Amino acid sequence: MLHIFLQGKIMRIRHTTIADLPRIMKIFEIAKIFMRVHGNHHQWTDGYPAESVLLNDIDKGWSHVITTDDGDRILGTFCLMTEPEPTYSLIDGNGWLNERPYVTIHRIASDGTTHGLLKNAVTHALATGCDIRIDTHADNHPMHHAVKQLGFTRCGIITLADGSLRTAYHLVNTSAHSLPNE
């Protein structure tokens, strides 16, 4: 378990458990509403992310939650995929910054009560020693802004298994990497 400092409060990052499933599914619904309000009407549709996707993430040890310090309340969730993302093998545009080992952040969502969860997920991911890759829908303007603020480089466009396109970003991990202040 990792302790983090967020908005003047100590938070925790831990692996997701099956017991967390109802709360995470609720957070996904909150995130979908946020997306629609901010003009992103085409990402996370048709029941995605489904409970089966989350169960797979939990089974593989990829799903994480960010909680209050006492662990009483889950504030957000993210998937930290620790194996190569198959859809990243082909990219249109400048291409990836390097071919070093990387982790991928997927399905990051907040309950809307706390800002800065992506920064803390990135800090957690950097602790693996790997680079970080992330992708998002063209209409997800808040995410584009956030990843750029955190130092990610836009590398091109990837195609998901269903044929939809996503903008792909890459953050090179250096041993002395520090993220910008919020």
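The basis for the numbers below is simple: all heavy atoms, side chains too, and nothing from hydrogens, waters or symmetry mates. The structure displayed is predicted, hence computed values, not measured ones.
Looking at N140 and P142, their side chains come closer than 4.5 Å, going by heavy atoms from C-beta outward. Taking the side chain as every heavy atom from C-beta outward, C155 and I91 approach each other to under 4.5 Å. Annotation: side chain of H124 is in contact with side chain of L80 (closest heavy-atom distance under 4.5 Å). Looking at heavy atoms from C-beta onward, L171 lies in side-chain contact with V122 at the 4.5 angstrom threshold. Looking at heavy atoms from C-beta onward, Q43 lies out of side-chain contact with K32 at the 4.5 angstrom threshold. Counting only heavy atoms from C-beta outward, the side chains of F78 and L117 never approach each other to under 4.5 Å. The closest side-chain heavy-atom distance from M143 to L118 is below 4.5 Å. In this structure the side chain of T128 never reaches within 4.5 angstrom of the side chain of T82, judged on heavy atoms.
With sequence neighbours excluded, the residues forming a side-chain contact (heavy atoms from CB on, under 4.5 Å) with S52 are A50, listed by chain and number. Contacts of R36 classified as salt bridge (charged side-chain N to carboxylate O under 4.0 Å, His left out), with partners at least two apart in sequence or in another chain: none. Every residue meeting the side-chain contact (heavy atoms from CB on, under 4.5 Å) condition with T153, not counting sequence neighbours, appears here in chain and number order: L97. Every residue two or more places apart in sequence or in another chain that forms a side-chain contact (heavy atoms from CB on, under 4.5 Å) with I33 is listed here: V37.
Panel note: side chain N173, backbone C130; a donor-acceptor pair is recorded below 3.5 Å. Side-chain atoms of H42 do not come within 3.5 Å of backbone N or O of N40 as any donor-acceptor pair. A distance-only check finds no donor-acceptor pair linking the side chain of T167 to the backbone of I157 [under 3.5 Å]. Looking at D57, its side chain never comes within 3.5 Å of a backbone N or O of C79 through a donor-acceptor pair.
I108 and I74 are assigned to two separate hydrophobic clusters, defined by single-linkage of ILVMFWY side chains at heavy-atom distances under 4.5 Å. Note: the hydrophobic cluster containing V147 does not contain I158 (ILVMFWY, side chain heavy atoms under 4.5 Å, direct or indirect links). No path of Ile, Leu, Val, Met, Phe, Trp and Tyr side chains, each step under 4.5 Å between heavy atoms, connects L75 with F28, placing them in separate hydrophobic clusters.
Screening residues 133-167 for ring pair (Phe, Tyr, Trp, His ring centres under 6.0 Å) gives H144-Y169 as the qualifying pairs, with residues at least two apart or on separate chains. Sorted by first and then second residue, the ring pair (Phe, Tyr, Trp, His ring centres under 6.0 Å) pairs involving residues 86-107 (not counting sequence neighbours) are Y88-W96, W96-H170.
Counting only N and O atoms by type, the side chains of R73 and T113 include a donor and acceptor under 3.5 Å apart. Judged purely by distance below 3.5 Å, without hydrogens or angles, the side chains of N120 and T123 never pair a donor atom with an acceptor atom.
Residues K26 and E29 are not paired through a salt bridge, judged by the lack of any N-O separation under 4.0 Å between the basic side chain and the carboxylate.
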*Take T159 and S164, measure what side-chain contact (heavy atoms from CB on, under 4.5 Å) needs, and give me the verdict at the end.*
CA-CA 6 Å; T159 304; S164 55; over 6 Å; no

*Begin with the C-alpha distance, continue with both residues' side-chain angles, and end with the deciding distance and a verdict on side-chain contact (heavy atoms from CB on, under 4.5 Å) for E83 and W62.*
CA-CA 10 Å; E83 61 187 44; W62 296 345; 3.5 Å; yes

*Give the C-alpha distance, both sets of side-chain angles, the deciding distance and a yes or no for side-chain contact (heavy atoms from CB on, under 4.5 Å) between H41 and D139.*
CA-CA 8 Å; H41 299 281; D139 292 340; 5.9 Å; no

*Show the numbers, then the answer: is there a side-chain contact (heavy atoms from CB on, under 4.5 Å) between I30 and S110?*
CA-CA 8 Å; I30 293 167; S110 162; over 6 Å; no

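Expressed to the nearest 0.5 Å, how far CZ of R154 lies from OG1 of T136 amounts to 12.0 Å. Here L54 contributes atom CG and R107 contributes atom CZ; the two are 8.0 Å apart, rounded to the nearest 0.5 Å. For the atom pair CD1 of I27 and OG1 of T77, the computed distance is 6.5 Å after rounding to the nearest 0.5 Å. Separating the OG1 atom in T67 from the CG atom in D72 is a distance of 8.5 Å, to the nearest 0.5 Å. Of the inter-residue distances, the one linking D59 atom CG with T16 atom OG1 reads 12.5 Å to the nearest 0.5 angstrom. The structure places CD1 of I132 at 9.5 Å from OG1 of T104, a figure rounded to the nearest 0.5 Å.
Annotation for V65 and H15: closest pair CG2-O, 4.4 Å, computed over non-hydrogen atoms. When all heavy atoms of P86 and M81 are compared, the closest pair comes out as CD-CE, 3.9 Å. Scanning all heavy atoms of the two residues, the minimum distance from A125 to I105 falls at CB-CD1, 4.3 Å.
Using a 30° and 60° split on the angle between ring planes, Y48 and W44 fall in the perpendicular class, above 60°.
Within a 6.0 Å sphere centred on CG of L160, other residues, nucleotides and ligands contribute more than 12 heavy atoms.
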